[in-house]
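In what follows, a single structure is set out as structure tokens and then discussed.
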Amino acid sequence: MSGKVVITGLGTVNPVGNSVAETWDNLLAGKSGIDRVKAFEPEQWDLKCHIAGEVTGIDPAEILGKKEARRLDRFSQMALLAANQAMEQSGLVPEGEDRYEVGTLVGTGIGGANTLVDQSYAVRERGARRVNPFTVPMLMPNAGSGIISIKFNAWGPSFATVSACASAADAIGVAMDIIRSGRAKAMITGGSEAAIIPVCLAGFEQAHALNTDSNENPKLASMPFDRDRSGFVLSEGSGILILEDEDFARERGANIIAELAGYGAATDGHHITAPEPEGRGATRAVSTALKNAHLNIDDVAHINAHGTSTVMNDKMESLVINRLFNSAGNRVPVTSTKSMSGHLGGAAGALEAVVSVKTVESGWIPPTINYDTPDPECDIEVVAPHARELGSGAVLSNSFGFGGHNSCLAFRTYGG
């Protein structure tokens, strides 16, 4: 094995688009996928927040079949839909002994939240015999990895990462490590989340994390790094990448899109929800990713920021970027695609990894929309209001989560 880990397939369903091509076109155009919640009536639950980033225009039963779709929680349905796209692009078909060389690793922050809530209601209101017999396999966080493994005959390492909003980035980074270690030749990896339900909105709302001021203007609600930001927008979706050992991919004639060059992770050890104000854990995660990828500071051409549109996160992340990059005089261009997609929770790092790969492949950086009034405490080079050419260099993708989890992925052009 060469040691290089390459990307051969991408897939996504998210509020901005139900394919990579649709997502990419809409992001470059600055089109938001945030709207009024359609899954339920927020007023019925006394919610102050009436908006979210929902996945619309898909019928899992139409694609997966009614029987299979009925036995999967929404987060697993979306993971499988994204995996279908990624596997089709990659042309990877595990056969014979190679089935043990292909693994699955799909992160999620919550797992089958819809199933847990629905079946809790069923047992309380109608009794134990009315509970779905598939309840446990539907709600378990590893269901996304498991169903993808079954669907595609991927019999290698298969499990899930759960590290809040860093879950998907950690899944992708650990999947890379598995390939580098020789324990697999390819990994189907990413993340999926489906938590737009009243209890989750209420929980984030009570924690004062959500934007509750933009019900009349949903498209303007997510404003990372803007002085007037007031909270994130909860979203759902999935992103899947096909990672392969370089030699394995070349031997089978795969089209290589980009290289996953590095991964870093560190923990704040500070607070269960609030980021450590000085960003020490985030700084360590980014610097570790650079070291792991054998990159210098001036090799980085762009950062896809975690950029949640919360006061504390954006301030902390800006501090980290300034500490590592801008002090050397290189104001690296930064964007937050959460301005359009909202925050996909445990799947955020997967969608943003897909976007980062497209940035490397196309040479274009999507804009950060709704960035109208720069915040002096977020003194970074925000790409706004339009897309910008990438230039030469690597792309970093940051993901930070409740619990103090910090992760960073490094992508670059594949050099052959």
Side-chain angles (χ1 to χ4, degrees), residues 11-20 22-23 26-27 31-40 42 45 47 49-60 63-64 69 72-83 85 106-118 138-139 141 143-144 147 160 162 164-169 171 190-205 209-211 218-219 221-222 231-240 308-309 337-355 399 401-402:
T12 184
V13 291
N14 66 82
V16 182
N18 292 330
S19 68
V20 174
E22 182 184 17
T23 299
N26 286 337
L27 288 176
K31 184 176 178 180
S32 172
I34 298 166
D35 213 331
R36 179 179 171 83
V37 173
K38 297 179 178 66
F40 55 87
W45 300 89
L47 290 165
C49 179
H50 302 166
I51 61 174
E54 293 174 293
V55 174
T56 59
I58 62 168
D59 182 358
I63 300 168
L64 307 176
L72 298 175
D73 186 87
R74 185 168 173 82
F75 99 99
S76 293
Q77 292 174 350
M78 291 193 293
L80 195 49
L81 293 176
Q85 297 174 21
V106 180
T108 184
I110 297 177
N114 285 267
T115 296
L116 182 59
V117 169
D118 289 346
M138 289 173 71
L139 67 83
I147 196 65
V162 181
C165 304
S167 298
S192 190
E193 198 81 280
I196 301 177
I197 52 179
V199 67
C200 288
L201 275 171
F204 283 124
E205 192 176 283
L210 291 183
N211 179 318
K219 309 296 184 189
S222 185
F232 73 82
V233 177
L234 185 64
S235 296
E236 64 179 359
S238 179
I240 296 292
T308 59
S309 189
T337 43
K338 287 186 180 72
S339 60
M340 294 169 276
S341 69
H343 194 342
L344 275 68
L351 174 59
E352 288 150 25
V354 169
V355 172
S399 295
F402 281 5

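Model, not experiment: these values are computed from the prediction.
For the atom pair SG (Cys200) and CG (Leu210), the distance works out to 10.0 Å, reported to the nearest 0.5 Å. Note: Ser222 OG to Lys338 NZ = 8.5 Å, rounded to the nearest 0.5 Å. The distance from the CD atom of Gln85 to the CG atom of Leu80 is 10.5 Å, given to the nearest 0.5 Å. Atom CD1 of residue Ile147 and atom CG of residue Leu72 lie 5.0 Å apart, to the nearest 0.5 angstrom. Atom CD1 of Ile34 and atom OG of Ser341 lie 7.0 Å apart (nearest 0.5 Å). Rounding to the nearest 0.5 Å places OG of Ser309 at 10.5 Å from NE2 of His343.
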Practice item. For the pair Arg74 and Val55, evaluate side-chain contact (heavy atoms from CB on, under 4.5 Å) and give the outcome as yes or no after the intermediate values. Key: CA-CA 10 Å; Arg74 185 168 173 82; Val55 174; 3.7 Å; yes
Practice item. Could you walk me through whether Val13 and Ser238 pass the side-chain contact (heavy atoms from CB on, under 4.5 Å) test, one step at a time? Key: CA-CA 5 Å; Val13 291; Ser238 179; 4.3 Å; yes
Practice item. Start with the C-alpha gap between Ile240 and Leu81, add the side-chain angles, then the distance that decides, and say whether side-chain contact (heavy atoms from CB on, under 4.5 Å) holds. Key: CA-CA 9 Å; Ile240 296 292; Leu81 293 176; over 6 Å; no
Review point. After noting the C-alpha distance and the side-chain angles of Met340 and Lys31, does the key distance pass the side-chain contact (heavy atoms from CB on, under 4.5 Å) rule?
Key: CA-CA 6 Å; Met340 294 169 276; Lys31 184 176 178 180; 5.7 Å; no
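Glu193 places a side-chain N or O within 3.5 Å of a backbone atom of Gly346 that can act as its donor or acceptor partner. At least one donor-acceptor pair under 3.5 Å links the side chain of Asp73 to the backbone N or O of Thr115. With hydrogens and angles ignored, the 3.5 Å screen pairs no side-chain donor or acceptor of Ser235 with any backbone N or O of Leu344. Between the side chain of Glu54 and the backbone N or O of Ile196, no donor-acceptor pair lies under 3.5 Å. Side-chain atoms of Ser192 come within 3.5 Å of backbone atoms of Phe75 as a donor-acceptor pair (strictly under, hydrogens ignored). The backbone N or O of Asp35 sits nowhere less than 3.5 Å from a side-chain atom of Lys219 that would complete a donor-acceptor pair. Between the Asn211 side chain and the Ala221 main chain, a donor and an acceptor come within less than 3.5 Å of each other. Without hydrogens or angle criteria, Glu205 side chain to Leu201 main chain gives no donor-acceptor distance under 3.5 Å. In this structure, Thr12 contributes its side chain and Leu351 its backbone to no donor-acceptor pair below 3.5 Å. Panel note: side chain Asn14, backbone Gly239; no donor-acceptor pair is recorded below 3.5 Å.
For Ser32 against Ser339, the heavy-atom pair with the smallest separation is OG-O, 4.4 Å. Nearest approach of Gly53 to Val233, heavy atoms of both residues: N-CG1, 4.2 Å. Nearest heavy atom pair, residue Ile197 against residue Phe40, reads CA-CE2, 3.8 Å. Listed here is the closest heavy atom pair of Ala194 and Ala113: O-CB, 4.2 Å. Across Ser399 and Cys165, no two heavy atoms sit closer than the pair CB-O, 3.8 Å. Nearest heavy-atom pair, Ala168 versus Ala350, reported as atom, atom and distance to 0.1 Å: CB-N, 3.3 Å.
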